[in-house]
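The structure appears right after this line, and notes come after that.
Both counts, for ligands and for their atoms, begin at 1 and track the order of listing.
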Amino acid sequence: MSEYFDIPQIQYEGPKSRNPLAFKQYNPDEVVGGKTMREHLRFASPFWHTMRGTGADPFGQGTMQMPWDDGSDSIDNALRRVDVFFEFLNKCQIDFYCWHDRDIAPERGTIPESHAALDEVVTYLESMQKNHGKKLLWGTACLFAHPRYGQGGATSPNLGVYAYGAAQVRKALECTHRLGGEGYTFWGGREGYATLINTNMKKELDHLAAFLHMAVDYKKEIGFAGPFYIEPKPQEPTTHQYDSDSAACLNFLREYGLMEHFKLNIETNHATLAGHTMQHELRVAADAGILGSIDANDGTANCGWDTDEFPTDLYLTSSVMYEVLRMGGFTTGGLNFDAKRRRDSFQPVDLFHAHIAGMDAFARGLKIAHAIIEDGRLDEFVAKRYATWDSDLGRKVEAGNASLAELEAYAIAQGEPELHSGRQELLEGLINQFI
Ligand code: XUL
Ligand code: CO
């Protein structure tokens, strides 16, 4: 196989290294808290950004140099992209990847022809995974790029479009299963509305739930054991996306009896668009027992766009890894860099710089989060803050067995409660000791 990148495999050289093509923090086999970094972090690269991202934006054409890509929608070109991608994964020491059906294979004029094109590429991916020891973190179907999905896929007002989407999801699920995918993601890019004036929201949500129930049925039929993920995002491209944040997803899943079949795949820039921190979104999901996987990126503060930047902020990566460690680590999930290089980072080597920066930031975040947990002062403070609940009455309330009258009697007997400081600034300083 010919080489497309004149770059050696990236190695760990330690924090003092000045080699731009070396890891400074990510040392795959180094053990942190009983597991190697590789096992903790489960990095994935997304086919759509890494291989198909052209750098085009609403104001200008693509900028990325991709000498291997002839720009055609031929199968040859699709297979060559797979070669390039696997060389990249190997050289960056990334064990997992993710795809949309339409990133890896071209759409043809009819559904059977598109399925056949996808099968050809998936057959090749299967052999490449085997030869290179790589795994599919998750697959997904793109129900948002083609003009037919302009008004939604599983929430389209048009049954014909809905059926088309069903055909695509059925096939993408089959392919994910064939590739031993660890999970399968639903991101409802256009599952929402542009305006309520022309929208029957109740009908669209009912249709979305029916669609997902059919996907669950199909998953059982083919024996796909991995979880389904919903990826929340509040808007863009829609004005309002139904899966707007973790809490909205939880409500939807509970309302429609889908909780046991789904986890969430949470993305940083989607959290910030929803007006939340990433840590908030992760905590909401983890507390409900459905934090599945992470789309690891970042956005520009105060910019209302999903800029999908590589995550390099240590405060962010530490808080993410704190939540991941707190829930006991990933099972099927991982850290998928749903991130793209800036438009002016147009050379192939920039792909490496971007992934190295993200991987190093998460390796450091892992160590920081682990050290904070080992230190114990933060968790101890939080536990103490709720100490009054470790009493007979506290336990009674928590078990749902107390009454307002009983609490009133307690309040009268106790008098004005003694308050304790929340010590936010002290704790922020404490966290900085580790960063
Ligand atoms: C879009 C986005 C998607 C999903 C998969 O904002 O994050 O790439 O991750 O469809
Ligand atoms: Co994403």
Side-chain angles (χ1 to χ4, degrees), residues 42-54 56-58 96-105 107 136-146 149 152-155 165 168-169 171-173 175-176 181-192 208 211-212 215 226-246 248-249 262-274 276 278 281-282 285 291-300 303-311 316 320 332-341 358:
R42 294 168 61 87
F43 288 123
S45 185
F47 201 91
W48 55 97
H49 282 312
T50 303
M51 295 318 300
R52 308 304 308 275
T54 62
D57 70 12
F96 295 90
Y97 73 107
C98 302
W99 50 244
H100 298 84
D101 50 358
R102 299 301 183 237
D103 319 321
I104 52 172
E107 175 153 7
L136 178 64
L137 191 68
W138 48 262
T140 187
C142 176
L143 304 191
F144 49 88
H146 192 281
Y149 296 120
T155 59
Q168 239 182 281
V169 166
K171 185 67 187 173
L173 262 165
C175 292
T176 300
E182 306 261 312
Y184 182 91
T185 292
F186 292 86
W187 171 62
R190 297 196 193 265
E191 314 300 14
L208 177 59
F211 193 95
L212 297 178
F228 279 171
Y229 304 122
I230 288 196
E231 186 178 320
K233 186 176 180 180
Q235 78 256 348
E236 196 202 40
T238 53
T239 306
H240 174 81
Q241 191 173 310
Y242 296 131
D243 304 324
S244 54
D245 64 4
S246 292
C249 289
F262 282 81
K263 292 185 170 183
L264 300 185
N265 175 43
I266 299 183
E267 177 165 328
T268 318
N269 210 163
H270 298 180
T272 47
L273 284 178
H276 304 306
M278 178 62 164
E281 285 294 86
L282 295 172
L291 171 49
S293 199
I294 289 177
D295 269 10
N297 64 14
D298 202 0
T300 296
C303 166
W305 283 15
D306 189 16
T307 52
D308 284 346
E309 293 167 41
F310 272 83
L316 169 69
V320 169
T332 52
L335 294 168
N336 170 44
F337 289 116
D338 195 352
K340 59 188 180 212
R341 297 170 279 162

Short version for E236: what comes under 4.0 Å of ligand 1, heavy atoms counted, is neither

If you round to the nearest 0.5 Å, how far is NZ of K233 from CG of L273? 6.5 Å

What do you reckon, does H49 put a non-hydrogen atom under 4.0 Å from ligand 1? no

Before signing off on this row, confirm whether N265 and ligand 1 have an N or O atom pair separated by under 3.5 Å. no

Test F228 against every option in F211, W138, F262, W187 by the ring pair (Phe, Tyr, Trp, His ring centres under 6.0 Å) rule and name the one that passes. F262

Any N/O/S of E267 under 2.8 Å from the Co ion (ligand 2)? yes

The atoms of ligand 1 lying under 4.0 Å from a heavy atom of K233, numbered in the order shown, are 6 (O)

Can a side-chain donor-acceptor contact be found between W305 and N269 if the only test is distance below 3.5 angstrom? no

Looking at the Co ion (ligand 2), which N/O/S atom of E231 is the nearest one? OE2

Does the ring center of F47 lie less than 6.0 Å from the ring center of Y97? no

Does an N or O anywhere in D338 fall below 3.5 Å from an N or O of ligand 1? yes

Taking only heavy atoms of D306, which atoms of ligand 1 are found under 4.0 Å from at least one of them? 6 (O)

Exam field: side chain S246 to backbone A285, donor-acceptor pair closer than 3.5 Å: no

Restricting to N, O or S, what is the name of the atom of D295 that lies nearest the Co ion (ligand 2)? OD2

For atom 9 (O) of ligand 1, which protein heavy atom lies nearest, and how many Å away is it? E231 OE1, 2.7 Å

Contact between ligand 1 and T185 is defined here as a heavy atom of the residue under 4.0 Å from a ligand atom; is it met? no

Rounded at 0.5 Å granularity, tell me how far CD in Q241 sits from OG1 in T155. 9.0 Å

heavy-atom search around atom 5 (C) of ligand 1 in the protein gives H100 NE2, 3.2 Å

Pair D101 + K171: basic N to acidic O under 4.0 Å: no

Looking at E267, H49, E309, which one forms a side chain to side chain contact (heavy atoms under 4.5 Å, CB included) with N297? E267

Identify, by name, the N, O or S atom of D338 lying closest to the Co ion (ligand 2). OD2

D295 heavy atoms, cut-off 4.0 Å: which ligand 1 atoms fall inside? 9 (O)

Regarding Y229 and T332, is there a side-chain donor-to-acceptor distance under 3.5 Å anywhere? yes

